[in-house]
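The block underneath contains the structure these notes are about, expressed in structure tokens.
We name chains A, B, ... by the order of the sequence lines, and we start the count at 1 in each one.
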2 protein chains.
Amino acid sequence: MPAKPASEATPKRLLAKQLREQELLTLAQHILQQDGFAGLTMDRLTALSSVSKGTIYNHFCSKEDLFTALSVDSLQRQLQLFARALQIPGHSREQVLALHLAYHQFSMTEPTLFLCLLTANTPGVIEKSSPSRLALRQQLEMQLVTICQQLIAQAIAEGSLQLPAKQSLDALAFVQWAQAFGSNALFKPTQQLGLFGQLEPQSTMLLGINLLLDGLNWKPLSKEWDYHASWQRMMTALASEPLLADGQTN
Amino acid sequence: MPAKPASEATPKRLLAKQLREQELLTLAQHILQQDGFAGLTMDRLTALSSVSKGTIYNHFCSKEDLFTALSVDSLQRQLQLFARALQIPGHSREQVLALHLAYHQFSMTEPTLFLCLLTANTPGVIEKSSPSRLALRQQLEMQLVTICQQLIAQAIAEGSLQLPAKQSLDALAFVQWAQAFGSNALFKPTQQLGLFGQLEPQSTMLLGINLLLDGLNWKPLSKEWDYHASWQRMMTALASEPLLADGQTN
DNA sequence: AAAATTATTGACGATTCGTCATTCTAGAAC
DNA sequence: GTTCTAGAATGACGAATCGTCAATAATTTT
């Protein structure tokens, strides 16, 4: 047998495949926002796509795996938004605010993707997703958390924040994350929220963040600074800022 | 046509039906914790139960409706735990802590039920559940939130807490709820949590609560009181306390 | 006890998932 | 340019699951 170089990496095939995968994902999103989650069927996806069912199953090992893939997409979008949010000037506590805002904006402007994120966190979906894709998702989540940790570390370094006794950076990042996740999940798009229906998401969310950061004694405190103004300013900044294209060096 | 009394309310049939429904729900739980969410099938539930498929569909209009029913069960259990937690003596801030602890304990000791709660919050499930059961769930959630609100109102009345300017009771309850929900969801049973794997749930959760309540200036502050001790004390209290039976007047 | 109303059954149709033998394609070897 | 081959694509098919409904049984009413 001739020493075949194994051909391991398919040269340009890979690109086409990734491209098509993205195409399938956006198509799935369209179906979701048009017909709801009950309307997303593999057969339907097949019918509306340009490829056959077999090919689709060549991308996603199950319908649930498709959901996990959508959640990965979701996280990537979120990562982009985080990057943009961090470019808004402001002191460290304002930057935390910017991240929370970006998260919130994402959940509001991309309800479908956000709901995919929630769905993909469900045991029924996890059980039937491919391990590799689950790992990918976890890696992306880690990137997001790392951003938060860096922000906290930076605040400590510059002196606007002191690490509480016996606590880790991780713990602080977790608390922030939990707060943001919980708030956005409860304010979730669908369902007119009988529970907290009369609450205004924006200011309630800001309240939670302020309480948390005040509790941490993260300077300047909410009594020393108008974070409502900061929130407003950042909202317009995030909305208007020309999103820098993907692979752009600068 | 003879004036039929409509027979509206079936006298004792209802009891039997409710009893059987509970039986089906616990059976479904057993299947879930034994074979995972992928293993729960209507046919399988039928096979293991003493009734036929038709009868089961006479209780739950779809498989998703069954999940919503499980989440209702979950909330009822949680309500019980809240009641018990409130009986533990302590000042108002300790009582808030007790509620958080009860929530956390529930998510840890009844992982399956908690996961049902998460699953039932998913659009795919909501879309296919019966409106009446969704309403029931919402009502129970409302009860839980009301308990939180009362606690806050009481603290304000007795002077250990002041309502922040321009904020409502609802908003404060929401923030607490979001924090608790987020933390427990992220520390969810399944999946060894690569993100926050090395974190110790207990103390991290306590940290979050303390930050929030300190931010609210809810007395006594965490620097003036050993809430870690309170947490420990309540944990044993919750674990050991003889659970008062359901319909017991006292 | 007969009639009438309500509940139960489980076989069946319909839907959806996921597979696999076959067909096709793109590039390597000659 | 032709042949060869590894891998990709296809879509008909089998399997699994959902949910229904005509027939039957149980219970209440008269």
Side-chain angles (χ1 to χ4, degrees), chain A residues 1-21 23-24 27-28 31-32 35-69 119 124-125 127-130 133, chain B residues 1-21 23-24 27-28 31-32 35-69 119 124-125 127-130 133:
Chain A
M1 73 178 67
K4 185 120 41 68
S7 88
E8 284 301 342
T10 334
K12 68 177 59 171
R13 277 296 181 64
L14 245 172
L15 179 67
K17 190 167 185 180
Q18 285 181 336
L19 224 55
R20 191 177 44 201
E21 182 154 323
E23 192 184 311
L24 287 173
L27 181 54
I31 298 179
L32 282 179
D35 302 336
F37 279 65
L40 178 55
T41 289
M42 294 308 258
D43 284 317
R44 193 162 158 63
L45 182 62
T46 299
L48 295 184
S49 83
S50 58
V51 295
S52 72
K53 184 132 70 135
T55 301
I56 287 179
Y57 271 92
N58 195 276
H59 282 272
F60 314 106
C61 72
S62 67
K63 186 186 178 183
E64 285 75 19
D65 199 40
L66 171 62
F67 275 114
T68 300
T119 299
V125 172
E127 284 173 7
K128 304 187 81 178
S129 291
S130 76
R133 212 180 292 272
Chain B
M1 74 178 64
K4 183 123 37 70
S7 87
E8 282 301 342
T10 334
K12 70 178 56 172
R13 276 296 181 63
L14 247 171
L15 179 67
K17 192 167 183 179
Q18 285 181 337
L19 223 55
R20 191 176 47 199
E21 183 155 323
E23 191 183 311
L24 287 172
L27 180 54
I31 298 178
L32 283 179
D35 301 338
F37 278 65
L40 177 56
T41 288
M42 294 310 258
D43 284 318
R44 193 162 158 65
L45 182 62
T46 298
L48 296 184
S49 84
S50 57
V51 294
S52 73
K53 186 135 67 137
T55 300
I56 288 179
Y57 271 92
N58 194 276
H59 282 271
F60 315 106
C61 73
S62 68
K63 186 185 178 183
E64 284 75 19
D65 199 40
L66 171 63
F67 274 114
T68 300
T119 300
V125 173
E127 284 172 8
K128 306 187 80 179
S129 292
S130 77
R133 212 181 291 272

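- Put simply, CG on Asp43(A) is 15 Å from P on dC13(D), counting in whole angstrom units.
- Put simply, NZ on Lys17(B) is 15 Å from P on dT27(D), counting in whole angstrom units.
- OP1 or OP2 of dT10(D) has at least one side-chain nitrogen or oxygen of Thr55(A) nearer than 4.0 Å.
- Dashed line: the shortest gap from a side-chain N or O of Arg44(A) to OP1 or OP2 of dC17(C) is not under 4.0 Å.
- Put simply, CG on Asp65(B) and OG on Ser130(B) are 4.0 Å apart, with the number rounded to the nearest 0.5 Å.
- Atom OH of Tyr57(A) is separated from atom C1' of dG7(D) by 22 Å (rounded to the nearest Å).
- Nucleotide dT17(D) holds its C1' atom 14 Å from the CD1 atom of Ile56(B), rounded to whole Å.
- Take the nearest nucleotide of DNA chain D for Ala38(B) and for Ser52(A): the residue whose nucleotide is more 5' is Ser52(A).
- Nucleic acid contact for Thr46(B): none, since no nucleic acid atom lies under 4.0 Å from a heavy atom of the residue.
- We find the CG-CD1 distance between Leu40(A) and Ile31(A) to be 5.5 Å, quoted to the nearest 0.5 Å.
- Note: CG (Asp65(B)) to P (dT20(D)) measures 12 Å, nearest angstrom.
- Dashed line: the shortest gap from a side-chain N or O of Lys128(A) to OP1 or OP2 of dC17(C) is not under 4.0 Å.
- No side-chain donor-acceptor contact under 3.5 Å links Glu127(A) to the backbone of Gly36(B).
- Ranking dG18(C), dT10(D), dC17(C) by closeness to the Thr41(A) side chain, first place goes to dC17(C).
- Put simply, CZ on Arg20(B) is 14 Å from P on dA26(D), counting in whole angstrom units.
- Here the P atom of nucleotide dT15(C) and the NZ atom of Lys63(A) are 15 Å apart, to the nearest Å.
- Summarising the geometry, the separation between CD on Glu64(A) and C1' on dA16(D) is reported as 13 Å, rounded to the nearest angstrom.
- Taking CD1 of Ile56(A) as the reference point, atom CG of Leu27(A) lies at 8.0 Å (rounded to 0.5 Å).
- Separation of atoms NZ (Lys53(B)) and CG (Asn58(B)) is listed at 14.0 Å; rounding is to 0.5 Å.
- In terms of polar N and O atoms assigned as donor or acceptor, the side chain of Lys53(B) comes within less than 3.5 Å of the base of dG19(D) in a complementary pairing.
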